[in-house]
Asker: 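Dropping the structure in here first, questions after.
Quick note on labels: first sequence line is chain A, next is B, and so on, each numbered from 1. Computed from a predicted model, the values in this text were never measured in an experiment.
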Amino acid sequence: MGGSVGASLRSRPCDLSLAHASRLLAWFDRERRDLPWRRARDPYRIWVSEVMLQQTQVATVIPYYGRFVGAFPTVRALARAPLDEVLRCWAGLGYYSRARNLHRAARVVVAEHGGRLPETFAALRALPGLGDYTAGAIASIAFDERVPCVDGNAVRVLARVACLTGDVHAGRARQRLMRLAHTAVPPERPGDYNQALMELGALICRPLDPACNACCLGDLCEARRRGKQQSVPLPRRRPPTQTVRVAAGIVWRRGRLLLAQRPLEGRWGGLWEFPNAELPPEGTAAATLTRLLAEAFGLRAEVGEKVGALVHGIMHRRIELTAYECRAVSGRTQAGTHAAAKWVRPEELGEHALPAPHRKLARRLQSRGD
DNA sequence: AAACCGGGGCT
DNA sequence: AGCCCAGGTTT
């Protein structure tokens, strides 16, 4: 292993000076935002907050966090709850596998660790749903272990301070970054240090317009010295966007709507949705929905007017969802490939965890006054 | 409305 | 190293 002689002569990953950690900590002590999960050092609450903060911004997380720890104040309470209830509490946050993993791990913690979170990085990392980031966050913040936790904010700060010009998301530059991240964590206050790094990335060392003049690391930052803040780190390369056309049926029968629960595994696992299917390139919505309702749900239905259309973007995918009002005229309801199917009153929609695009759809239907 | 930013976990 | 999961903010 290791690079060629040439590579090792060329440039070693420059370790960050010790000064950077104390600067960062001093800045954090002054500027840290007062966030609900920073008020206690309960490992469980830190865990919940870290999972919610994956792929979701602080402002969005705050109200959900309060409701969630209100409903499930301890690991045991979470483990006791049925998954459905947990998903309902998560509804709207997106990326529901996070909630499923959290719930699954809570049950493991109760079964194998007596209801208390294990206190080392290695033991945390072994729990389902906890990867390097989350295990590092809990280990350092709740248990003072000297391990890094590297989110996108931390990547940006480290890459800029050390001016890592390669692709920090892959290959050698990635390894270098992670090595740097490990050595950079100070033995004192590792948890605060990690939070400071991420906080600096979020507030100061922003992707597009870093506030270098206000940065506590300004005079240590190699990218700034070289005027390369804009090009370091290299943006992640993205696959081209794919458009998917989906038709959904708002199916009525005796004043109730048909809702189907997705299989527990996989995309939007366990969530409830309006029956829907991807439109084949040449297919019409009416034909697609008629066949779907017949074959998957055992219903003969008439497809009526278009009652809504929206676009939902997810990563590099663009879902164009069109909804049609349908009337079920006969048949005995089956779940098909879904986990379940049921008829609900419109006002009961809110009690179900729906995928984001279907939530949008449901909101529109209700505001329309149906 | 388009462009852009967000990454963890698993195998 | 590559695959899967499946949202929000900015401009």
Asker: Which sits closer to the 5' end of DNA chain C, A:S97 or A:A170, going by the nucleotide each is nearest to?
Answerer: A:A170
Asker: Between C1' on C:dA1 and CG on A:D132, what's the gap in Å once rounded to a whole number?
Answerer: 15 Å
Asker: For a quick check of understanding: with a heavy-atom distance under 4.0 Å over all strands, which category does A:N101 fall into, base, sugar-phosphate or nothing?
Answerer: nothing
Asker: Does C:dG7 have its OP1 or OP2 closer than 4.0 Å to a side-chain nitrogen or oxygen of A:H312?
Answerer: yes
Asker: Can you tell me how the ring of A:H358 sits relative to the ring of A:F274, calling it parallel under 30°, perpendicular over 60° and tilted otherwise?
Answerer: parallel
Asker: Between atom CZ in A:R317 and atom C1' in C:dC5, what is the gap in whole Å?
Answerer: 10 Å
Asker: Please report, rounded to the nearest Å, how far the C1' atom of C:dG7 is from the CG atom of A:L310.
Answerer: 13 Å
Asker: In whole Å, what is the span from the CZ atom of A:R206 to the P atom of B:dG6?
Answerer: 13 Å
Asker: Taking the nucleotide of DNA chain C with the nearest heavy atom to each, does A:L208 or A:Y95 sit closer to the 5' end?
Answerer: A:Y95
Asker: Just one of A:R224, A:R23, A:R225 clears the salt bridge (Lys or Arg N to Asp or Glu O under 4.0 Å) bar with A:D219, so which one?
Answerer: A:R23
Asker: NZ of A:K360 versus P of B:dA1: gap in Å, rounded?
Answerer: 12 Å
Asker: Send over the distance from A:R236 CZ to B:dG8 C1', rounded to a whole Å.
Answerer: 10 Å
Asker: I need the OH-C1' distance between A:Y133 and B:dG6, as an integer number of Å.
Answerer: 12 Å
Asker: Tell me which one of A:R98, A:Q54, A:R125 satisfies side chain to side chain donor-acceptor pair (under 3.5 Å) with A:T134.
Answerer: A:Q54
Asker: Would you classify A:I319 as touching base, sugar-phosphate or nothing, given that sugar-phosphate means primed atoms plus P, OP1 and OP2, and contacts are heavy atoms under 4.0 Å?
Answerer: nothing
Asker: Between A:R318 and A:E320, is the closest basic N to carboxylate O distance under 4.0 Å?
Answerer: yes
Asker: Between A:L93 (CG) and C:dT9 (P), how many Å, whole number?
Answerer: 11 Å
